[in-house]
Amino acid sequence: MRRTRQTSRGGRKAAIGSAGAVAAAALIAGAVIAPVANASTPHTSSGTSTQNREAKGAVIAAAKAAKTGIDWKDCPADWGFAKPIQCGYVSVPLDYTKPYGKQIKLAVDRVGSTGTKDERQGSLVYNPGGPGGSGMRFPTRVTNKNPIYANMAKAYDFVGFDPRGVGHSAPISCMDPQEYVKAPKADPVPDTEADKLAQRKLAKEYADGCYERSGEMLPFMTTPNTARDLDVIRAALGEKKLNYLGVSYGTYLGAVYGTLFPGHVRRMIVDSVVNPAKSNIWYQANLNQDIAFQGRWNDWQDWVAKNDASFHLGTTRAAVQKQWETLRAAAKKNPIGGVVGPAELIGFFQNAPYYDSMWVPVAQAWSKYVAGDTQAMIDAAAPDMSDTAGNASSENGNAVYTAVECADAKWPTSWSKWDKDNTALNEKYPFMTWANAWMNLPCATWKTKQQTPVDVKTGKGLPTVLIVQSERDAATPYEGAVELHKRFKGSRLITEKDAGSHGVTGLTNPCINNRVDTYLLTGKVDGKDVTCAPHATPKP
């Protein structure tokens with residue numbers, strides 16, 4: 001489930017074919033701790049020969065990485081990470097059943113802990129979600145002096161990485177990046193059967209493009225393999241056990257890691273949780289997401305209406321919705337600036353239900369447009385065709401998102417099922433449903449093997465896991481946190497009530513921040529689950 005959805009200026013935008021929406025879906029020096037030789041062997045959930053060979057391959061790869069370590073150096077200039085952040089690579093097998101076969105290099109970076117030698121507790125490894133998100137910016141939370149992370153930075157080196165296929169880690173591609181971002185794309189909401197047929201054709205072309213451009217990597221672009229990679233990174237860092245912070249899809253990566261390597265976990269925080277049930281990965285997850293997105297879209301519209309004095313978009317949710325429909329219709333008839341149609345509007349406006357931090361910027365751009373400033377909407381929602389590096393990054397992120405979700409699980413191949421399910425959902429939850437469907441439809445015609453999801457559960461040695469979740473999260477509905485809480489025995493759940501921003505640990509809410517710090521610094525949690533009041537509502 002793609003969790004790190006942002007505009008191209010903040011990370012990701014646009015999607016395959018005409019779903020210009022990036023609908024979610026279903027979206028980082030010092031003393032060393034004892035090496036992998038002392039760690040427990042990975043747990044395998046079944047006795048199949050392939051899984052056993054992968055488990056053995058992971059042990060071999062981790063042992064090699066523990067000996068080799070990481071050759072830390074100043075980061076390449078074009079990576080954009082200044083000293084004291086350092087960069088390096090960790091080699092992992094492309095195929096864990098062949099640990100001595102083809103290797104790929106994973107990019108990693110770190111910034112050392114800011115505290116004393118006695119305060120240091122090791123490395124904290126981060127994944128921001130996706131699939132397809134880069135964790136390489138994580139150390140900048142220390143160098144930029146983000147106060148939320150000040151206490152944990154005293155104890156931990158902050159370590160980020162590009163997962164396999166992402167960024168500087170053997171990146172994959174499914175289409176030309178400039179074609180990927182080109183606008184305007186067709187309206188994701190179909191009016192006719194011909195519209196659906198055109199989208200189906202685009203989805204198949206995208207799946208074929210993935211195979212043609214990145215076919216060698218595709219069978220191995222799975223969450224379990226990324227979890228094995230994470231264990232190799234742990235070993236390369238010289239850590240006996242992993243300290244991990246995963247957000248969004250990063251929670252599913254953490255859940256799979258905790259299942260495969262329960263004895264290798266020291267501390268784990270999962271924030272904004274993917275429902276790890278096998279039946280949810282990934283087709284059902286995306287349908288559930290459409291419902292949750294509509295709920296959070298409604299919340300935002302209520303807020304916009306409440307602040308009509310600032311935005312002048314309507315004094316009721318119904319009035320704001322009517323204004324949205326008017327905007328969509330106008331952009332469909334005549335794309336704004338020739339480049340912003342309904343698909344691009346969804347790509348931009350979905351930021352509001354994703355992140356509270358985007359409530360004001362989205363409403364402001366819209367308000368300016370209604371007042372006659374069309375350039376404000378073009379600047380906000382149109383792709384920047386001159387940003388070749390950013391566009392390549394967006395295309396790569398979408399390629400990885402698609403590859404992982406398509407490879408992790410079996411998807412329906414019957415168009416009639418997709419059509420029936422999404423037509424029904426669109427009746428009640430129209431904001432994201434069709435955009436999300438087209439984004440995921442390549443999985444219906446995927447050309448490489450689709451796996452069976454891991455049965456996430458508590459294994460021997462798994463410590464207390466801290467789960468953090470807002471109650472009205474659009475991208476990862478609340479039920480996901482409840483499900484993982486059941487599966488990871490002894491875990492603790494912190495619920496941010498009456499809130500819905502995606503990614504909670506990075507927001508200012510002392511009820512949550514203090515507990516996250518306490519857990520990472522001491523390992524202690526409350527005696528029972530905790531409900532926190534919401535963080536502050538954005539103000540215009």
Side-chain angles (χ1 to χ4, degrees), residues 2 5 7-8 12-26 174-210 286-287 289-290 293-294 297 324-351 366 369 374 377-378 380-385 391 394-395 397-399 401-402 406 415-416 418-427 429-445:
R2 169 93 141 246
R5 301 299 170 80
T7 66
S8 54
R12 238 188 309 285
K13 183 185 164 174
I16 69 114
S18 76
V22 174
C174 292
M175 67 185 294
D176 177 80
Q178 294 300 98
E179 284 295 312
Y180 171 76
V181 300
K182 194 158 69 174
K185 294 176 171 62
D187 186 349
V189 180
D191 291 325
T192 65
E193 289 303 311
D195 290 343
K196 293 178 183 177
L197 197 60
Q199 293 282 12
R200 291 171 62 191
K201 182 170 178 279
L202 286 169
K204 185 178 186 306
E205 286 171 358
Y206 188 81
D208 292 348
C210 294
N286 283 282
L287 300 180
Q289 205 176 39
D290 298 335
F293 255 99
Q294 189 70 44
W297 172 252
W324 164 248
E325 290 167 4
T326 299
L327 173 64
R328 265 186 110 274
K332 181 169 184 170
K333 187 175 181 182
N334 290 301
I336 303 162
V339 287
V340 177
E344 290 70 34
L345 288 175
I346 292 175
F348 172 58
F349 275 78
Q350 69 175 352
N351 283 288
W366 190 9
Y369 170 80
T374 57
M377 189 60 73
I378 296 167
D384 180 0
M385 297 303 288
N391 293 339
S394 293
E395 190 279 326
N398 199 79
Y401 163 80
T402 308
C406 294
W415 165 246
S416 63
W418 287 76
D419 193 21
K420 180 183 174 186
D421 289 347
N422 286 283
T423 298
L425 270 183
N426 186 66
E427 289 293 318
Y429 314 102
F431 177 64
M432 287 297 294
T433 295
W434 278 114
N436 208 6
W438 305 130
M439 184 169 176
N440 294 292
L441 189 59
C443 295
T445 57

Can you confirm whether Glu395 sits close enough to Asp176 that some side-chain heavy atom of one is under 4.5 Å from a side-chain heavy atom of the other? no
To the nearest 0.5 Å, tell me how far Gln289 CD sits from Thr433 OG1. 10.5 Å
Salt bridge Arg328-Glu325, side-chain N to carboxylate O under 4.0 Å: no
Atom of Lys182, atom of Glu179 and distance for their closest heavy-atom approach: NZ-OE2, 3.0 Å
Under 30°, 30 to 60°, or over 60°: which ring-plane class applies to Trp297 and Trp324, parallel, tilted or perpendicular? perpendicular
For residues Lys196 and Thr423, report the shortest heavy-atom separation together with the two atoms involved. NZ-OG1, 3.8 Å
Are Phe349 and Met432 close enough, and set up right, to give a side chain to side chain contact (heavy atoms under 4.5 Å, CB included), and what steps lead you there? CA-CA 10 Å; Phe349 275 78; Met432 287 297 294; over 6 Å; no
If you measure from CG on Asn422 to CH2 on Trp434, what distance do you get to the nearest 0.5 Å? 5.0 Å
Might you work through the side chain to side chain contact (heavy atoms under 4.5 Å, CB included) test for Gln350 and Asn436, ending with a clear yes or no? CA-CA 11 Å; Gln350 69 175 352; Asn436 208 6; over 6 Å; no
If you look at every heavy atom in Phe431 and Ile346, which pair is closest and at what distance? O-CD1, 4.1 Å
Using side-chain heavy atoms (C-beta onward) and a distance below 4.5 Å, is Phe348 in contact with Val340? no
Which value, rounded to the nearest 0.5 Å, describes the distance between Asp419 atom CG and Arg200 atom CZ? 8.0 Å
Could you list the donor-acceptor pairs under 3.5 angstrom formed between side-chain atoms of residues 332-339 and any protein atom two or more places apart in sequence or on another chain?
unit_1 : atom_1 : unit_2 : atom_2 : d
Lys332 : NZ     : Asp187 : OD2    : 3.2
Lys332 : NZ     : Asp191 : OD2    : 2.4

Decide whether Asn398 and Tyr206 meet the rule of one side-chain donor and one side-chain acceptor closer than 3.5 Å. yes
Carefully, step by step, assess Tyr180 and Asn391 under the rule side chain to side chain contact (heavy atoms under 4.5 Å, CB included). CA-CA 8 Å; Tyr180 171 76; Asn391 293 339; over 6 Å; no
When every non-hydrogen atom of Lys185 is compared with those of Glu344, the smallest separation belongs to N-OE2, 2.9 Å
Pairs where residues 430-439 contributes a residue and the test salt bridge (charged side-chain N to carboxylate O under 4.0 Å, His left out) is met, not counting sequence neighbours: none
Go through the side-chain N and O atoms of Asn440 and Tyr401 and say whether any donor and acceptor fall under 3.5 Å apart. yes
With the side chain counted from C-beta on, respond yes when Gln199 and Leu441 share a heavy-atom pair under 4.5 Å apart, and no when they do not. no
Are the side chain of Trp438 and the backbone of Pro188 linked by a donor-acceptor contact shorter than 3.5 Å? yes
Counterpart residues, side chain to side chain contact (heavy atoms under 4.5 Å, CB included), relative to Ser416 (two or more places apart): Ser414
With rounding to the nearest 0.5 angstrom, report the CG to CG distance, Leu425 to Leu287. 5.5 Å
Nearest 0.5 Å, please: how far is CG in Asp421 from CG in Asp290? 10.5 Å
Would you mind reporting whether Met377 and Thr374 have side-chain heavy atoms less than 4.5 Å apart? no
Return the minimal non-hydrogen interatomic distance between Pro442 and Thr402, and the atom names on each side. CB-CG2, 4.0 Å
What heavy-atom pair brings Tyr429 and Gln294 nearest, and what distance separates the two atoms? C-OE1, 3.2 Å
When you look at Tyr369 and Ile378, which way does the side chain to side chain contact (heavy atoms under 4.5 Å, CB included) test go after all the steps? CA-CA 9 Å; Tyr369 170 80; Ile378 296 167; over 6 Å; no
